[in-house]
Amino acid sequence: MIDSIFQRSAPEGLESVIRKIEAGERIAPDEALALYEHAPLALLGGLAVQVKERKSGRDVFYNRNFHVEPSNICIFNCRFCSYRQPAHSPGAWDRPLEEIFETCHAYQGRGVTEVHVVGGVHPDHGLDYYVRMIEGIKRELPDVIVKAFSAVELHEMIRRAGVSLENGLQRLKTAGMAAIPGGGAEIFDEEVRQKICPEKCTTDEWLSLHRTAHRLGISSNATMLYGHIETQAQRIDHLDRLRRSQDETGGFNAFIPLKFRRRNNALSELGETSITDDLRTLALSRIYLDNFPHIKAYWPMYGKTTTQLALAFGADDIDGTIDDTTRIYSMAGADDRNPALTVDEMRRWIEAAGYRAVERDTFYRPVVTK
Ligand code: V47
């Protein structure tokens with residue numbers, strides 16, 4: 001049996017779980033909890049990096065993307081959300097389709113490979129409307145991959161249309177929706193979910209929507225909103241349900257831990273997690289989700305400094321240029337400005353962390369620029 005530096009410096013009781021991780025074996029929920037609670041931060045980072053390098057070697061990915069946020073009007077009132085507005089309130093927006101298509105038109109020829117479409121669950125717009133939206137986006141940007149609608153939005157539009165999940169998702173796929181972002185997962189524990197977002201789709205409905213999408217050949221991401229009222233064991237339970245789902249379908253591309261941001265929402269009285277908690281949670285996700293190919297450090301949420309550190313804690317993706325086009329995190333206090341990064345800046349971060357910067361598309365295929 002190897003006697004690595006990690007095994008030699010392991011706190012008592014963690015030797016066997018460290019041995020398992022180094023041997024590429026799956027760890028159990030109680031082992032993950034012990035690691036979270038007792039492993040020194042640097043040890044956790046080192047183990048996560050080992051797992052990351054087994055998956056993606058020296059590569060760290062970024063992409064060229066922008067977001068379309070069609071409306072912030074939402075029938076649901078999640079307590080952590082700083083973004084949603086009821087219809088007719090002064091801060092509400094509902095962008096006409098033509099305006100969305102004009103925005104997309106302006107991205108022609110700019111090297112973007114992905115448009116990420118996500119917004120509130122609008123009271124009036126139905127499946128046909130969203131099919132038209134996707135078709136229009138594809139007309140403007142035929143070569144760009146459309147990653148659209150959280151499972152919460154999809155669940156509601158398909159339910160209202162009175163069709164099956166298969167049928168609804170197939171219609172959107174035919175229109176051009178090629179992938180689904182990871183939003184709306186929040187925390188799977190039913191009691192916590194009931195407290196922070198009682199109205200939106202249930203855990204089982206979220207998982208079932210992604211499972212159905214995967215069966216139809218639509219791959220997706222998964223998120224976890226952490227750092228509010230959940231316990232560490234409930235975070236691990238969340239990861240466990242994702243790992244089991246991925247065992248079944250293999251359709252998830254990336255996992256994205258999302259740190260709760262407290263400004264302008266009903267949970268503002270809670271603090272925010274420390275940077276060490278963020279890095280522990282990230283590293284643990286990389287170690288636990290042994291069947292997820294990628295772990296994304298979403299830079300608008302962590303902020304620029306933590307994102308650079310995240311590359312030493314198992315992340316192999318930092319998302320993309322975004323180009324000022326998302327407001328979810330700036331409204332929740334992650335930064336005062338809307339986020340944008342240049343390709344040069346992303347490549348510099350990755351190289352400074354000792355990795356090879358690889359531009360990817362939504363499916364993590366390297367993008368070769370001519
Ligand atoms: O589901 C909302 C989260 C998510 C807050 O798939 C908040 O590539 C923190 O899913 N503090 C939407 N988080 C964003 C999302 C996403 C982001 C980046 C990449 C991908 C991907 C997906 O944002 C929501 C919710 O969990 N969120 N409010 C807040 N105050």
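Whatever order the structure lists ligands and atoms in, that order sets their numbers, starting from 1. Numbers here are sequence positions counted from 1.
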Where the side chain of Glu230 meets the backbone of Gly227, is there a donor-acceptor pair that is under 3.5 Å apart? yes
Could you give the distance from NZ (Lys138) to CG (Leu141), rounded to the nearest 0.5 Å? 8.5 Å
Exactly one of Arg64, Arg110, Glu114 clears side-chain contact (heavy atoms from CB on, under 4.5 Å) with Thr321, and that residue is Arg64
By side chain to side chain contact (heavy atoms under 4.5 Å, CB included) - contacts of Thr326 (at least two apart): His67, Glu69, Tyr298, Ile322, Ile328, Pro339
Parallel, tilted or perpendicular: ring planes of Tyr364 versus His294, cut at 30 and 60 degrees: parallel
Between the protein and ligand 1, are there any N or O atom pairs that come within less than 3.5 Å of each other, and if so, what are their names and distances?
from     : atom 1 : to     : atom 2 : distance (Å)
ligand 1 : 1 (O)  : Gly184 : N      : 2.7
ligand 1 : 1 (O)  : Glu186 : OE2    : 3.1
ligand 1 : 6 (O)  : Gly182 : N      : 2.8
ligand 1 : 6 (O)  : Asn221 : ND2    : 3.0
ligand 1 : 8 (O)  : Lys147 : NZ     : 2.7
ligand 1 : 8 (O)  : Asn221 : ND2    : 3.1
ligand 1 : 8 (O)  : Lys296 : NZ     : 2.7
ligand 1 : 10 (O) : Gly183 : N      : 3.1
ligand 1 : 11 (N) : Arg261 : N      : 2.8
ligand 1 : 13 (N) : Tyr329 : OH     : 3.2
ligand 1 : 23 (O) : Tyr329 : OH     : 3.3
ligand 1 : 26 (O) : Glu186 : OE1    : 2.4
ligand 1 : 30 (N) : Phe80  : O      : 2.8
ligand 1 : 30 (N) : Arg261 : O      : 2.9

Main-chain N/O of Cys104 paired to Glu140 side chain as donor or acceptor, under 3.5 Å: no
